[in-house]
Structures are given as structure tokens and as C-alpha cells.
Amino acid sequence: MRILGIETSCDETAAAVVEDGRRVLSDVVSTQIEIHRRWGGVIPELASRNHLLQALPVVDEALAGAKVSLGEVDAIAVTAGPGLIGALLVGVQLAKSLALAVGKPLVAVNHLEGHLLAARLEERAPELPFLGLVVSGGHTSLYEVRADGYRLLGATRDDAAGEAYDKVGKLLGLPYPAGREIDALAQKGDREAIRFPRALPGDNLEFSFSGLKTSVLHHVQAHGMPSGQALADLCASFQEAVCDVLSKKAIQAARGSGLSRLVLCGGVAANSRLRALTTARAQSAGLEVFVPRPRYCTDNGAMIAAAGFHALQRGAPTGLSVKANAGWRLA
Ligand code: KG4
Ligand code: ZN
């Protein structure tokens, strides 16, 4: 079964064709990062307008890359939420029009389900059930992922981890989005240079990153704007505080739920330290870790097609009544 997946929930216009939820035939991502960078964050109205310009060419490129016509796909899957409402509407309206034009089933996909199932696009793919940590610009949440559904075990009380990266980057004068840049700088720094606080320690599965962001601000106010090695040390220390908590709680959640597989996903799962630290700690805890390649961690259409396949398999409704829902909760 070949599914065309369409994703426009934030600042990436993406489309892909995936076979049987696993085999990626094409995967096209057009990013708006350069457009939003000068504002230091995503401007919703600009995002919608650019999705409008890019969506059709991106879908065409995905179909051409997969060497199929629209009439040859078996279904269309589109991100219906959560995300920016104007941005979501572009993808949803386009998907409806395409589905109507060729008479194919249309299925709504939750963006977080897309992230959680992205690891299944890899050769070494996790079987269900597993514990999933979605860690992105908008979300930091732990889910039990089972064949019969999702259970939310814990989430952030304030900023998402990616948001903390981006805000700290802004404070340090780094370009938006700062996750990758901080990751690269941190690799040259000393993780122990500054001991930033770890919020909400203990048995709970909640996160908080706004205090950490304030600690970085206080550090800069006290010591001045860092550059050179001091900047690398600050990035490494900040990153350690984020990844220490994320990896500990993900492992704690997996053990608490009796799950032996742990999946990291979402844009921040592209982070080198989070991948390494979690893999090392999980191995000692006897857990198997799965992290998709960075391209499938950040927003893409392949994960939406994979999640669409999964949704169809469990009998999710199809049809043109799909509605964009900015606040759609997975569980
Ligand atoms: O999943 P995603 O592409 O979009 C959302 O659904 O939010 O995630 C984007 C987030 C941004 O905050 C970005 O700074 C962060 O992922 N990010 C990273 C890295 N690459 C992207 N954060 C830390 N380290 C990275 N290597
Ligand atoms: Zn995302």
C-alpha cells in the first residue's frame, strides 16, 4: 500500500511516498528556516503563506521521486494537528482537494504520532509496544506506544526542550533555530564547566526547562556574553542539563511501564549528546534504544505517511470531513 504523506504543521513543507508504512520511496522537505530566521522564530502568517507557495511543488516532487502518479497512490495522509492552525489548513485543504480529485481515501494524522512512528522507517525498527520520548520545538512528552493506542505518561510543564535550545540560542546571539548550532558548539566544550540545575528530579515524569533558561541568562548577566571556549563550555553545560534529564526520565518511564524498547524522536532527538547518553544509559538498564536518522527526527512527510498507514490499519476513519485541529491531543 503506497501512501502520500503531507506535512505543513509548522515551518517545513514536506511530502513523501511510503510503501506499507516502512519503505520510503521519496521524501521531500522544503524548509522555511531562512524566512523565519530574521525574526528569531516562526511567524505563523509567513509560515501559512509559504506553505501555500510550496505545497503543490513539494507534492509533485515527491510523486516524481517515487515514480508514481497521484492516481497510483492508495491513500493520502495529512497532518491535521497539533500545530499552527493556518499552516495546518494549507496541508489539510490541499490533501482534501487531491483526495477528491482522484477519489482516494484521506486519513488525518496526528503530528506526534508521526514523530513516534518515524523510527519504524529505519531498517532496524522498533516493534510495538515501546516507550516514546517526543522531544521537539513544541513538545517534550513521554508516551507508551501500544498496538491499541497511546498513553501520555508525562510532559513538560513549561517550555519544550527544543524551545529551550532556541531561546538559549537567541540569548547567546546564535541564529534560529539554535539546536544544531548549540549541539556543534557543545562538542568542543566542557560539559562539567557550569553546573546548571536539573528541574523536577525524583520519580515524576514531568519536565521543566524554563528555570534552566533563566539560569543561563543569570550566568550571562554575571559573567558577560561568552565567546570562544567559554561559549562552547556554556553550550556543553546547558546541553548536558537538558540531555541528562531527558534520558533519565525516558529510561525511568520505560522501566516503570515494563517496556524494553525506547524510542527517541522529534527534532531534538537529532542531538548527538542525547543520542549517545541515552544509548549508553539504556544499555546499562537493559533497554533497546531506537533513534531515527536526523532527517526523520525533524519534521518530514515520510513519518506522516507511516503514521497514516498505521492509522488505516487500526481502522481510523477516512473521508473529506478531516478538520485541522491546532490543539489535537494524541492521548
Ligand atoms: O520536530 P521539529 O523539526 O519541529 C517541531 O515539531 O517542533 O523540531 C525542531 C526543534 C527546534 O527547536 C530545533 O532547535 C531542534 O528541534 N533541534 C535540535 C537539533 N536539531 C534540531 N536540538 C538539539 N540538537 C540538535 N541537533
Ligand atoms: Zn515536529
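Just follow the structure's listing: the first ligand is 1, and inside any ligand the first atom is 1. Heavy atoms only: backbone and side chains are in, while hydrogens, waters and symmetry mates are out. Residue numbers count from 1 along this sequence.
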Could you walk me through whether D299 and H111 pass the side-chain contact (heavy atoms from CB on, under 4.5 Å) test, one step at a time? CA-CA 9 Å; D299 291 349; H111 184 77; 3.1 Å; yes

Please confirm whether [X] comes within less than 3.5 Å of ligand 1 when only nitrogen or oxygen atoms on both sides are compared.
{"X": "Y165", "answer": "no"}
{"X": "D299", "answer": "yes"}
{"X": "G179", "answer": "yes"}
{"X": "G266", "answer": "no"}
{"X": "S272", "answer": "no"}
{"X": "D183", "answer": "yes"}

[X] to ligand 1, any heavy atom closer than 4.0 Å:
{"X": "H115", "result": "yes"}
{"X": "H111", "result": "yes"}
{"X": "G138", "result": "yes"}

Can you figure out which of D11, I33, D166 has its heavy atom closest to atom 11 (C) of ligand 1?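 It is D166 whose heavy atom sits nearest to atom 11 (C) of ligand 1.
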
Relative to atom 24 (N) of ligand 1, which among N271, V242, V168 owns the nearest non-hydrogen atom?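 Among N271, V242, V168, the closest heavy atom to atom 24 (N) of ligand 1 belongs to N271.
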
Looking at [X], which atoms of ligand 1 are within less than 4.0 Å of one of its heavy atoms?
{"X": "T298", "answer": "3 (O)"}
{"X": "P177", "answer": "14 (O)"}
{"X": "G162", "answer": "12 (O)"}

Q229 CD to L185 CG distance, which is reported to the nearest 0.5 Å: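 One finds 10.0 Å between CD of Q229 and CG of L185.
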
Supply the atom-to-atom distance S48 OG to L53 CG, rounded to the nearest 0.5 angstrom.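 CG of L53 is found 11.0 Å from OG of S48.
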
Measure across Q32 and L46 and return the closest heavy-atom pair with its distance rounded to 0.1 Å.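 So the minimum-distance heavy-atom pair works out to OE1-O, 4.2 Å.
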
Verdict with supporting geometry, Q187 and S272, side chain to side chain donor-acceptor pair (under 3.5 Å): CA-CA 9 Å; Q187 287 173 35; S272 62; 2.9 Å; yes

For the Zn ion (ligand 2), report each protein N, O or S atom nearer than 2.8 Å, sorted by chain and then by residue number.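 Sorted hits: H111 NE2, H115 NE2, D299 OD1.
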
Donor-acceptor list for residues 73-84 side chains, cut-off 3.5 Å, not counting sequence neighbours:
| from | atom 1 | to | atom 2 | distance (Å) |
| --- | --- | --- | --- | --- |
| D74 | OD2 | R2 | N | 2.7 |
| T79 | OG1 | E7 | OE1 | 2.6 |

How about [X] and [Y]: does a side-chain donor come under 3.5 Å of a side-chain acceptor?
{"X": "N300", "Y": "E12", "answer": "no"}
{"X": "S247", "Y": "R281", "answer": "yes"}
{"X": "Y165", "Y": "E181", "answer": "no"}
{"X": "S210", "Y": "D159", "answer": "no"}

Could you find the nearest protein heavy atom to atom 8 (O) of ligand 1 and give me its residue, atom name and distance?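 Here the closest protein heavy atom is G267 CA, 3.3 Å.
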
Nearest protein heavy atom to atom 9 (C) of ligand 1, by residue and atom, and its distance?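 In this structure, atom 9 (C) of ligand 1 has G137 N, 3.9 Å as its nearest protein heavy atom.
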
List, one per line, each side-chain donor-acceptor pair under 3.5 Å for residues 117-130, sequence neighbours excluded.
| from | atom 1 | to | atom 2 | distance (Å) |
| --- | --- | --- | --- | --- |
| R120 | NH1 | P126 | O | 3.0 |
| E122 | OE1 | R293 | NE | 3.3 |
| E122 | OE1 | R293 | NH2 | 2.7 |
| E122 | OE2 | R293 | N | 2.8 |
| E122 | OE2 | R293 | NE | 2.9 |
| R124 | NH1 | V289 | O | 3.2 |
| R124 | NH2 | V289 | O | 3.1 |

Would you be so kind as to tabulate the donor-acceptor pairs closer than 3.5 Å made by side chains of residues 311-331, with sequence neighbours excluded?
| from | atom 1 | to | atom 2 | distance (Å) |
| --- | --- | --- | --- | --- |
| R314 | NH1 | E113 | OE2 | 2.8 |
| N325 | OD1 | G327 | N | 3.1 |
| N325 | OD1 | W328 | N | 3.3 |

Stepwise side-chain contact (heavy atoms from CB on, under 4.5 Å) test for D11 and Y176: CA-CA 12 Å; D11 58 348; Y176 170 87; 4.1 Å; yes

Evaluate the ring planes of F207 and F209, with Trp represented by its six-membered ring, and classify them as parallel (under 30°), tilted (30 to 60°) or perpendicular (over 60°).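 Rings of F207 and F209: parallel, under 30°.
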
